[in-house]
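The structure appears right after this line, and notes come after that.
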There are 2 protein chains.
Amino acid sequence: MSDDSTTGAGRPLTARANFLLSQLGFHVAQTFAARLAPLGIAPNHFGLLTYLERAEGCTQQQLADALGIHRKVMVGLLDDLEQRGLVERRRHPGDRRAHAIHLTDAAHHLLPRARTVADEHEDDLLAALGADERADLVAVLRRIADHTGNPPGVHPGLPLAVKGNSGAPGDAS
Amino acid sequence: MSDDSTTGAGRPLTARANFLLSQLGFHVAQTFAARLAPLGIAPNHFGLLTYLERAEGCTQQQLADALGIHRKVMVGLLDDLEQRGLVERRRHPGDRRAHAIHLTDAAHHLLPRARTVADEHEDDLLAALGADERADLVAVLRRIADHTGNPPGVHPGLPLAVKGNSGAPGDAS
DNA sequence: CAGTTATTGTTACCGTACCCGACAATATAG
DNA sequence: CTATATTGTCGGGTACGGTAACAATAACTG
């Protein structure tokens, strides 16, 4: 089975790490977005809020630079979060043209819940693996990600907004 | 750095398997599409051609069903491949309403090159890993993918067409 | 055999998301 | 004071995904 040039077909595509990674990555992003939807945020919002926890008061440009996205996208993300009452655009003390982004109390209350959702999602995703295998997988994935040369922060290209959600999701419960 | 509940920030997002998988999956799909672009096809085209190698002559509905996508998407994919002279829509011997999809000689010549590109891409992606680690990673990923319940075939949601490529790419170099 | 239903492939439409450049407001340099 | 750069924002053009509808043909029913 090492050589199948006669059949012409190579590996069945489920034995390729690149295919598996792409497929799993898509699935993971989709399911995580679905799980995060009841909280009213998308994965990229979660990443932004998580980063803001340690960089409160910085400007939008700094945020966009840190997360590796364009400032234009940051405008849209902050618009969403501001509309949901999770961040505030205050006046920057040093630069009157820049905004100082701050988390609201609602964000501080929401973030632990979002982290719980992420933990549950990860736990469900890796249900077939033992604790040692999970740690090894994370280590290997991090090595691969580190080898790509990309910054370790939030990755670009995460629209992944759940559709069919016209109104405000019922967070009244 | 194991516990920082005082700061409120959980794991730095690069220690979560779900985040790493999503980030890596996106990166892998992007780089693979970029590598495949000089051949004039996208990753989903490659998957379709690969499946067609073993299912030549079947209908579009069977293809769409096997790859887990809608028939409409299959129309567009086959349009692309037919325009590039890689597949042919012949008359189905049994059903006059269905088409029998066949690979052309150009496709048979292109597929080994595409497989080489995939091999090189995978090899470059896993450059930081040894042979044993690669096999373990593939096995673990396959277990996770198998646990999701999705069909093992081609995964949905792969637009990933390289932009800015209006004309035929110059592979003369 | 006539009629009805289901299936195949295709087209058109619409809403959405992304990418591009351009613009007002402000800070900094000369 | 003037000129240039930076920050944040806005609009247009383009491509993609998904839904509904349609002609052509097969399968089923009486």
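Chain letters run A, B, ... following the sequence lines, proteins first, then strands; residues in each count from 1. All heavy atoms count here, side chains included; hydrogens, waters and symmetry mates do not.
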Using atom [atom1] of [X] as one end and atom [atom2] of [N] as the other, report the distance to the nearest whole Å.
{"X": "B/Arg90", "N": "C/dG9", "atom1": "CZ", "atom2": "C1'", "value": "19 Å"}
{"X": "B/Ile69", "N": "D/dG17", "atom1": "CD1", "atom2": "C1'", "value": "13 Å"}
{"X": "A/His92", "N": "C/dA25", "atom1": "NE2", "atom2": "P", "value": "21 Å"}
{"X": "A/Met74", "N": "D/dG8", "atom1": "CE", "atom2": "P", "value": "10 Å"}
{"X": "B/Arg96", "N": "D/dA24", "atom1": "CZ", "atom2": "C1'", "value": "10 Å"}
{"X": "B/Gln61", "N": "D/dA26", "atom1": "CD", "atom2": "C1'", "value": "14 Å"}
{"X": "B/Ile101", "N": "C/dG9", "atom1": "CD1", "atom2": "P", "value": "7 Å"}
{"X": "B/Asp95", "N": "D/dA27", "atom1": "CG", "atom2": "C1'", "value": "10 Å"}

Query raised in the report: If you take all heavy atoms of B/Ala114 and B/Ile41, which pair is closest and at what distance?
Result: CB-CD1, 4.4 Å
Report summary line: dist A/Leu78:CG -> A/Leu52:CG (nearest 0.5 Å) comes out at 7.0 Å
Report task. Please check if atom CD in A/Glu56 has more than 12 non-hydrogen atoms from other residues, nucleotides or ligands closer than 6.0 Å. Result -> yes
Query raised in the report: Which one, D/dT9, C/dT8, D/dT25, comes nearest to the side chain of A/His99?
Result: D/dT9
Query raised in the report: Between D/dT7, D/dT25, C/dT8, which nucleotide gets closest to the side-chain atoms of B/Ala98?
Result: C/dT8
Report task. Please work out if B/His70 contacts a base, only the sugar-phosphate, or nothing of the nucleic acid, heavy-atom cut-off 4.0 Å. Result -> nothing
Query raised in the report: Is any N or O donor-acceptor pair between the side chain of A/Lys72 and the base of D/dG11 shorter than 3.5 Å?
Result: yes
Requested in this report: Determine, step by step, whether B/Thr59 and B/Ile101 satisfy the side-chain contact (heavy atoms from CB on, under 4.5 Å) criterion, reporting the C-alpha distance in whole Å, the side-chain angles of both residues, the deciding distance to 0.1 Å, and the verdict.
Outcome: CA-CA 6 Å; B/Thr59 71; B/Ile101 309 301; over 6 Å; no
Report summary line: Result for salt bridge (Lys or Arg N to Asp or Glu O under 4.0 Å) between A/Arg35 and one of A/Asp123, A/Asp119, A/Asp124 points to A/Asp124
**Report entry** Along DNA chain C (nearest heavy atom to each residue), the more 5'-positioned of B/Arg71 and B/Asp79
**Finding:** B/Arg71
Query raised in the report: Is there a side-chain polar atom (N or O) of B/Gln60 under 4.0 Å from OP1 or OP2 of C/dT10?
Result: yes
Report summary line: When A/Arg89 and A/Arg97 are each assigned the nearest nucleotide of DNA chain D, the 5'-most assignment goes to A/Arg97
